[in-house]
Protein chains: 2
Amino acid sequence: MARAATTSDAFNAIAEPQRREILVLLRGGERPVTDLARNLGMTQPQASKHLRVLREVGLVRVRGAGKQRLYGLDARGLRPVHEWVGGFERFWSESFDRLDEYVQELKQARQEGPHDGDDQ
Amino acid sequence: MARAATTSDAFNAIAEPQRREILVLLRGGERPVTDLARNLGMTQPQASKHLRVLREVGLVRVRGAGKQRLYGLDARGLRPVHEWVGGFERFWSESFDRLDEYVQELKQARQEGPHDGDDQ
DNA sequence: TTGACGCATTCCGATATAGGCATATGATGG
DNA sequence: CCATCATATGCCTATATCGGAATGCGTCAA
């Protein structure tokens, strides 16, 4: 097997930096393809391809406007991502080395009274 | 070019479902490789490979313990991801069809004077 | 030392990517 | 209908993946 398709979920879709940039730009409102391409320094076909991926995972939606096609953000698909990552919030706010033991030691130390110096 | 390396950043590393499961398991504390493999229904080499990726992006750390190697979570690398995705929070909480107009309104509101407090 | 165990690494094949370029499709105006 | 502008798609190459199976390597016990 190869890597999972970029269109398999939001996690894969936003793994690509350029697609993330597109999403950020779209936060400012709808934009036509060429506009996005120019702003991000990519070719029009590349932009279209990235937008296709984003559309397939539902992170953007399109709206025809004459010759143009206006792409707009639909961030709802990012919510699960945010929630999943958020599940780790309490772990990155901890001072980190040897977290598991550290936590245990802390609990004990508190019961036995302040007893410093164990690093290194 | 091919897709960016899975080891290029946390975004790419967590795009793989199995690696996400590993991280979730490690939230419960350090674990040896075989233990992870068994719990996730994958072979030991697969687990090792995924753990290698996670280590290269700094999401896990290892500690030798005799024959075993205990892998532990280091979630700090997830913080940037959480923050990036969090930048879209207000967009998925909005009723959606009027998003563009909403953005316009926001811009105007800002020019007419910081008139905060419309959250929730 | 030898054997057993835990884990990492290698080689293989199949797959899907991102990028570049050419071109097809679509809508608009004259 | 035709020319033009805006996008989408197709084709190609190089690359890195995930999975599987085999094997290398380090540690521990007898």
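- Remark: C1' of D:dG19 and CZ of B:Arg52 are 17 Å apart, rounded to the nearest angstrom.
- Phosphate contact (OP1/OP2 of D:dT7, side-chain N/O of A:Thr34, threshold under 4.0 Å): present.
- At whole-Å resolution of the value, NE2 in B:His50 and P in D:dT17 are 12 Å apart.
- Comparing atom distances between the A:Arg69 side chain and each of C:dT17, C:dC5, D:dT7 picks out D:dT7 as nearest.
- What separates CD of A:Gln46 from P of C:dA22 is a distance of 15 Å, to the nearest Å.
- Between A:Ala5 and A:Ala65, the residue anchored closer to the 5' end of DNA chain C is A:Ala5, taking for each the nucleotide with the nearest heavy atom.
- Figure legend: A:Arg27 and B:Phe88 shown as a cation-pi pair, the cationic atom lying under 6.0 angstrom from the six-membered ring centre and within 45 degrees of its axis.
- Atom CG of A:Asp35 is separated from atom C1' of D:dT7 by 14 Å (rounded to the nearest Å).
- When distances are taken from the side chain of B:Ala2 to each of C:dA18, C:dG20, D:dA16, the shortest belongs to D:dA16.
- Across all strands shown, A:Arg19 has heavy atoms under 4.0 Å from sugar-phosphate atoms exclusively, and none from any base.
- Put simply, A:Gln68 has no side-chain N or O that comes within less than 4.0 Å of OP1 or OP2 on C:dA27.
- With salt bridges taken as basic N to acidic carboxylate O contacts below 4.0 Å, one links B:Arg20 and A:Asp9.
- Aromatic ring orientation, B:Phe11 versus B:Trp84: perpendicular (interplanar angle above 60°, classes split at 30° and 60°).
- If you check every strand for non-hydrogen atoms under 4.0 Å, A:Pro32 touches sugar and phosphate atoms only.
- Among the nucleotides C:dA8, D:dT7, D:dC28, the one closest to any side-chain atom of B:Lys67 is D:dC28.
- Residue B:Met1 is the one, among B:Val53 and B:Met1, whose nearest nucleotide of DNA chain D lies closer to the 5' end (criterion: closest heavy atom).
- The separation between B:Glu16 atom CD and C:dT17 atom C1' is 15 Å, rounded to whole Å.
- Atom CZ of B:Arg38 and atom P of C:dG6 are 10 Å apart (whole Å).
- The base of D:dG10 sits within donor-acceptor range of the side chain of A:Lys49, with an N or O pair under 3.5 Å.
- Side-chain N/O atoms of A:Arg3 include none lying less than 4.0 angstrom from OP1 or OP2 on C:dT15.
- Considering only side-chain N and O atoms, A:Ser48 lies nowhere under 4.0 angstrom from the phosphate OP1 or OP2 of D:dT7.
- Map A:Gln18 and A:Gln44 each onto its nearest nucleotide of DNA chain C; the residue landing nearer the 5' end is A:Gln18.
- OP1 or OP2 of C:dA8 has at least one side-chain nitrogen or oxygen of B:Tyr71 nearer than 4.0 Å.
- Taking atom CZ on B:Arg31 and atom P on C:dG6, their separation rounds to 16 Å, with Å as the unit.
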Next item on the list: Go through the steps to decide whether B:Arg31 and B:Asn39 satisfy the test side-chain contact (heavy atoms from CB on, under 4.5 Å), and finish with yes or no.
Entry: CA-CA 11 Å; B:Arg31 283 180 187 259; B:Asn39 270 279; 3.5 Å; yes
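- Distance B:Leu40 CG to D:dG19 P: 12 Å, rounded to the nearest Å.
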Checklist line | Derivation of the side-chain contact (heavy atoms from CB on, under 4.5 Å) call for B:Glu30 and B:Arg63 | finding: CA-CA 9 Å; B:Glu30 294 181 322; B:Arg63 177 167 74 88; 2.6 Å; yes
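- The shortest non-hydrogen separation linking A:Leu54 to A:Ala13 is CD2-CB, 4.5 Å.
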